[in-house]
Amino acid sequence: MQSWQPDESLANQLAQQLLLLVTDVQDKERQKIHMQNITNFNNHPDASNYYAYILACLESNDANLTYIREIAGTQLRNLIKRHFAKSEFHMSAEHLQYAKLCGFHALRDSNKKIRESAGNVLAAFAASQDADRQVLQKILELSNSPATDIAESAMKSLYEFCDEGHVNLCNQSNFPVLDVLLVELFLRIDHSSSKVRMYAIRSINPFIFNQPEPLMDRLDLFIEKLSQFSQDSDSNVRKVICEALVLVLDTGAQRMAPQLNPIVEYILKAMNDEDEDVALEACEFWSVFADREENATLLRPYLKFVVPILLEKMIYSEEEISILDGEDEDVNKPDADKDVLVKGYRSRNISHQSSVDPNQDGANPEEEKLDDYDDDDDDDDDDEEDYSEQMWTIRKCAAGALDAFSTLYKDELLADQLVFLAPLSRLLANNSDWKHQECGILALGAVAEGCRLSMSMHLGSLIPFLVQNLNENSKRLVKIITCWTLGRYSWWLSRPIASKTDPAYSSIREKHHIDFLHPVVSGLLNTMLNSSKHVQKAGCSALASLETEATTELVPYLTPILQTIGRAFEKYQRKNTLLLFDTVETLADGVKQQLGNPEHMELLMIPLIRKWQMTKDNDLDICISAVSHAIGTPFGPYLPPIWQRCLNIIEKTIMQFESDPSLPPESDEKDPMIVALDLLCSVSQDLPEFVNLLLNENPNQLFQLLFRSMQDKKLEVRQSAFALLGDLASSMFDHLKPHIGTLLPYAIVELEAIHISNNQQQFSVTNNAAWAVGEISLKA
């Protein structure tokens with residue numbers, strides 16, 4: 001290595017600081033001090049050399065020293081990445097060369113962890129413009145070492161180098177380097193070490209997406225080599241083969257056509273691999289295959305083999321059932337804060353509109369995705385603990401593939417009885433094993449969108465079967481998936497398949513309600529009051545889907561729906577309450593003024609306002625605006641407590657940030673304030689006569705808070721504040737007039753801001769400010 005020599009005293013001090021980072025972890029304040037000390041040291045002109053020296057030269061079997069060397073490697077890697085990111089940090093050519101030499105030396109270390117840390121350091125050089133041929137050549141040289149452990153570590157470093165630098169290497173100027181690299185990688189696919197084989201394939205995979213010429217010229221050879229090792233004894237190799245085949249497939253299935261038979265045979269076999277990761281990666285192949293319409297002809301001959309296996313993989317395993325049974329919770333047990341992830345609120349007033357669109361932001365049941373089918377609902381992010389919501393399983397993957405097939409082939413998928421209907425019928429008819437029936441119900445939901453015409457012919461008998469599976473005797477997981485599937489068929493349940501010009505349409509519609517819509521609504525309402533939180537959630541989501549499609553067809557059922565919602569507000573814990581707010585919002589948007597019936601108003605508003613008042617500020621949902629917009633004047637008497645709470649939230653948030661300057665001005669802690677401003681906007685549009693009455697009683701508080709909100713540092717707050725200013729100018733100018741001299745200058749200042757900012761959010765703020773100025777000008 002180079003002649004540079006460290007100050008041993010300084011090196012030892014740095015080593016001790018690095019050790020404290022991993023050993024002194026109990027006190028967060030001391031951790032901050034240790035991190036600051038390291039940050040300060042990074043300003044030393046030879047900082048990278050010291051980290052390189054500690055990584056490569058302090059050799060010992062002591063566990064603490066291993067920690068120190070690993071962290072030194074991490075710090076060195078970060079400095080190199082900062083250098084190549086062209087940040088303010090710069091490393092000289094001498095420092096870079098010393099880091100390389102130390103990395104090469106440490107990549108031969110006897111300690112595996114040190115070799116891996118060194119590999120990470122060397123991989124960081126991939127970000128250099130020429131992908132650093134010296135580093136690449138040395139890693140390739142070490143990957144050919146007769147010492148298997150060194151060869152394996154070098155191959156891991158090579159994979160990380162390719163992963164970091166594949167974009168650089170795909171530049172035409174680097175094609176000669178890539179050409180040599182691919183030759184070497186192809187040779188290593190035949191290596192005796194399974195780890196070397198695995199990393200060789202993984203190193204090629206990042207290049208497939210970019211389709212560089214040197215790889216495309218060898219793609220047929222690559223596919224052939226993958227086929228040769230499809231029976232590899234190492235499951236990790238089998239998994240990366242599946243990954244590679246999926247990536248190649250994504251570039252165009254035609255490339256695979258000559259070898260498609262053995263590839264399909266391998267993928268079908270891999271789906272039954274004893275290693276679940278291999279099976280899952282193999283299953284992904286079919287979703288990618290079906291994602292392109294031009295693949296339909298190639299895939300068609302294999303449907304009769306693939307679909308039955310997909311259905312088989314959609315059956316719950318005993319392990320999954322055991323985990324899911326453990327997730328079920330007592331309905332009376334409060335939700336922990338960690339289990340309720342409140343999604344970041346985005347103002348609905350992106351550009352001012354004359355009415356609030358309740359589905360503009362937030363949950364829209366119409367956009368329900370298939371990957372949300374599993375045993376819960378469409379709220380993937382809510383529960384960090386739920387296996388069912390967080391884990392991507394082969395069951396979910398297989399269902400996604402079946403949905404993709406139905407989208408690609410539509411009703412053709414059901415044309416051949418042997419492909420789908422026959423295996424489906426066997427699943428549904430299996431009364432002795434509920435897991436098979438549950439899988440069949442999932443499959444029905446998976447094809448709901450793609451195979452509408454064909455499924456319409458069977459739903460007359462299937463809907464009563466599904467409703468029967470909502471009864472109290474059914475398994476919890478069966479009830480949950482049945483709710484999801486019924487939600488997927490909302491398009492059929494909502495109205496009969498008949499022309500409205502048919503003289504018999506009225507009687508056909510009435511019979512459709514009696515036979516199908518009424519039983520489904522009743523069944524879903526029962527599930528919403530189930531003792532399982534997961535069943536409650538599934539019922540809520542399915543009802544919201546039905547509300548979106550059925551709209552006014554649900555008017556005859558408003559009384560039981562509102563009664564159930566009222567009871568649910570009393571019963572639900574925090575997490576499901578948020579979902580229930582979404583359900584109310586969707587209902588209001590669908591039935592609109594029908595909610596204004598005095599009986600309906602009493603059934604809805606009393607429990608809704610009570611629950612809304614009890615809800616934490618951070619959980620506030622804006623469904624109130626959708627209800628006020630739908631109902632109109634009858635909502636007015638319920639407005640005072642809502643109006644006052646909004647004012648209180650705005651005031652509390654302003655005071656919180658004024659009293660604690662350390663809070664970041666863009667903090668999500670301001671989201672409740674934005675919700676409150678937007679809700680004031682909504683009711684000002686929908687209920688101006690009632691807002692006028694409230695302003696007569698207390699004219700000053702609103703305008704004082706609006707004045708401060710218009711000066712807030714968070715763009716979304718100002719955006720909503722100027723939208724409210726425009727609404728007040730439009731509907732309540734007499735109340736606004738005394739305050740124009742104070743408020744208008746801030747709106748005018750905002751008009752100038754667009755010239756000094758390219759921020760799209762600033763454009764929305766300026767748009768609302770301009771609209772408000774225009775409204776004031778018209779009324780002044």
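The figures that follow rest on heavy atoms only: side chains count, while hydrogens, waters and symmetry mates do not. Everything numeric in this text was worked out from a predicted model, so none of it was measured.
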Student: Once you round to the nearest 0.5 Å, how far does CZ of R255 lie from CG of D220?
Tutor: 7.5 Å
Student: Less than 4.0 angstrom from a charged side-chain N to a carboxylate O is my criterion; do E152 and R115 meet it?
Tutor: no
Student: Kindly determine whether D163 and R202 satisfy salt bridge (Lys or Arg N to Asp or Glu O under 4.0 Å), including the steps that lead there.
Tutor: CA-CA 9 Å; D163 195 45; R202 288 191 74 186; over 6 Å; no
Student: Should E658 and I654 be marked as a side chain to side chain contact (heavy atoms under 4.5 Å, CB included) after you check the CA-CA gap, both sets of side-chain angles, and the distance that decides it?
Tutor: CA-CA 6 Å; E658 286 181 349; I654 290 172; 3.6 Å; yes
Student: Under the ring pair (Phe, Tyr, Trp, His ring centres under 6.0 Å) criterion, do H44 and F41 qualify, and how do the steps go?
Tutor: CA-CA 5 Å; H44 189 285; F41 181 81; 5.5 Å; yes
Student: What heavy-atom pair brings C170 and F207 nearest, and what distance separates the two atoms?
Tutor: SG-CD2, 3.7 Å
Student: Where do C242 and A270 come nearest, in terms of heavy atoms and distance?
Tutor: SG-CB, 4.0 Å
Student: Where do I204 and L215 land on the side chain to side chain contact (heavy atoms under 4.5 Å, CB included) test, with the steps shown first?
Tutor: CA-CA 9 Å; I204 295 170; L215 177 60; 4.0 Å; yes
Student: Within the supplied structure, the quantity of interest is the number of heavy atoms (other residues, nucleotides, ligands) at a distance under 6.0 Å from Q172 CD; does it exceed 12?
Tutor: no
Student: On a heavy-atom basis, which atom in I54 and which in A72 lie closest, and how many Å separate them?
Tutor: CG2-CB, 3.7 Å
Student: Is there a side-chain contact between M710 and R718, using heavy atoms and a 4.5 Å cut-off?
Tutor: no
Student: Return the set of residues passing salt bridge (Lys or Arg N to Asp or Glu O under 4.0 Å) with E8 (not counting sequence neighbours), or none when no residue passes.
Tutor: none
Student: Using side-chain heavy atoms (C-beta onward) and a distance below 4.5 Å, is L245 in contact with Y266?
Tutor: yes
Student: Are D190 and K225 within salt-bridge range, i.e. N to O under 4.0 Å?
Tutor: yes
Student: Ignoring hydrogens, what is the shortest heavy-atom contact between S117 and L55? Give both atom names and the distance.
Tutor: OG-CD1, 3.9 Å
Student: Between D46 and Y53, is there a side-chain donor-acceptor contact under 3.5 Å, judged purely by atom types and distance?
Tutor: no
Student: Any non-hydrogen side-chain atom of F161 less than 4.5 Å from a side-chain atom of H166?
Tutor: no
Student: Could you tell me whether the side chain of L158 reaches within less than 4.5 Å of the side chain of L136, counting heavy atoms only?
Tutor: yes
Student: Could you tell me if the side chain of K138 sits less than 4.5 Å from the side chain of K100, heavy atoms only?
Tutor: no
Student: So how far is it from I139 CD1 to Q134 CD, rounded to the nearest 0.5 Å?
Tutor: 10.5 Å
Student: Do S662 and D660 pair up side chain to side chain, a donor and an acceptor below 3.5 Å, judged on atom types alone?
Tutor: yes
Student: Report, as yes or no, whether the 6.0 Å neighbourhood of atom CD on E276 holds more than 12 heavy atoms from other residues, nucleotides or ligands.
Tutor: no
Student: Output a table of donor-acceptor pairs, distance under 3.5 Å, between side-chain atoms of residues 118-127 and any protein atom two or more places apart or on a different chain; print 'none' if there are none.
Tutor:
residue	atom	partner	partner atom	Å
N120	ND2	E116	O	3.4

Student: Between atom CG of N168 and atom SG of C162, what is the distance when rounded to the nearest 0.5 Å?
Tutor: 12.0 Å
Student: Flag yes if more than 12 heavy atoms outside Y67 fall under 6.0 Å of its OH atom; otherwise flag no.
Tutor: no
Student: Would you check, one step at a time, whether the test side chain to side chain contact (heavy atoms under 4.5 Å, CB included) holds for L181 with L140?
Tutor: CA-CA 8 Å; L181 172 62; L140 282 170; 4.1 Å; yes
Student: Would you call R218 and D179 a salt bridge, taking side-chain N to carboxylate O under 4.0 Å as the test?
Tutor: yes
Student: Report yes or no: does T766 contribute a side-chain atom to a donor-acceptor pair with the main-chain N or O of E750 at less than 3.5 Å?
Tutor: yes
Student: Can you see whether R188 engages S143 through a side-chain donor-acceptor pair at a distance of less than 3.5 angstrom?
Tutor: yes
Student: Does a side-chain heavy-atom distance below 4.5 Å link T251 with F209?
Tutor: no
Student: Yes or no on side chain to side chain contact (heavy atoms under 4.5 Å, CB included) for Y51 and I71, after CA distance, side-chain angles and deciding distance?
Tutor: CA-CA 9 Å; Y51 289 129; I71 300 169; over 6 Å; no
Student: N210 side chain to P212 main-chain N or O, any donor-acceptor pair under 3.5 Å?
Tutor: no
Student: Taking atom CD of Q36 as the centre, report whether more than 12 heavy atoms of other residues, nucleotides or ligands fall under 6.0 Å from it.
Tutor: yes
Student: Any side-chain heavy atom of V240 sitting closer than 4.5 Å to one from E243?
Tutor: yes
Student: Verify, without hydrogens or angle tests, whether S203 (side chain) and Y199 (backbone) share a donor-acceptor contact under 3.5 angstrom.
Tutor: yes
Student: Hey, is the main chain of M198 close enough, under 3.5 Å, to the side chain of Y159 for a donor-acceptor pair?
Tutor: no
Student: For a salt bridge (Lys or Arg N to Asp or Glu O under 4.0 Å) with D232, tell me which candidate from K239, R238, K195, R197 qualifies.
Tutor: R197
Student: Are K670 and F657 in a cation-pi contact, defined as NZ or CZ under 6.0 Å from the six-membered ring centre and within 45° of the axis?
Tutor: yes
Student: Looking at D671 and K714, is any side-chain nitrogen of the basic one under 4.0 Å from a carboxylate oxygen of the acidic one?
Tutor: yes
Student: Verify the distance criterion only: is there a donor paired with an acceptor across the side chains of W4 and Q97 at less than 3.5 Å?
Tutor: no
Student: Search all heavy atoms of E666 against all heavy atoms of K713 and return the closest pair with its distance.
Tutor: OE2-O, 3.1 Å
Student: Identify the two heavy atoms, one from S720 and one from I674, that lie closest to each other, and give their separation to 0.1 Å.
Tutor: OG-CG2, 3.5 Å
Student: About how many Å separate CD of Q5 and CG of N49, when rounded to the nearest 0.5 Å?
Tutor: 10.5 Å
Student: Tell me if a side-chain donor or acceptor on H95 pairs with a main-chain N or O of P45 at a distance below 3.5 Å.
Tutor: yes
Student: Is D149 close to K112 at the side-chain level, that is, under 4.5 Å between some pair of heavy atoms?
Tutor: no
Student: Sub-3.5 Å donor-acceptor pair from the side chain of S227 to the main-chain atoms of I223, do we have one?
Tutor: yes
Student: How long is the straight-line distance from OG of S709 back to CG of L677, given to the nearest 0.5 Å?
Tutor: 4.5 Å
Student: Can you tell me how far SG of C283 sits from NZ of K396, rounded to the nearest 0.5 angstrom?
Tutor: 13.0 Å
Student: Please answer whether the main-chain N or O of L21 pairs with a side-chain N or O of Q31 as donor and acceptor at a distance below 3.5 Å.
Tutor: yes
Student: Hey, can you tell me if F186 and F222 have their rings parallel, tilted or perpendicular (30° and 60° cut-offs)?
Tutor: tilted
Student: Has the side chain of S230 got a donor or acceptor atom that lies under 3.5 Å from a matching backbone atom of L226?
Tutor: no
Student: Going by atom types only, do Q762 and Q719 share a side-chain donor-acceptor pair under 3.5 Å?
Tutor: no
Student: Check the angle between the aromatic planes of F289 and F285 and answer parallel, tilted or perpendicular using the 30° and 60° thresholds.
Tutor: perpendicular
Student: Between D132 and V135, is there a donor-acceptor pair closer than 3.5 Å when you use the side chain of the first and the backbone of the second?
Tutor: yes
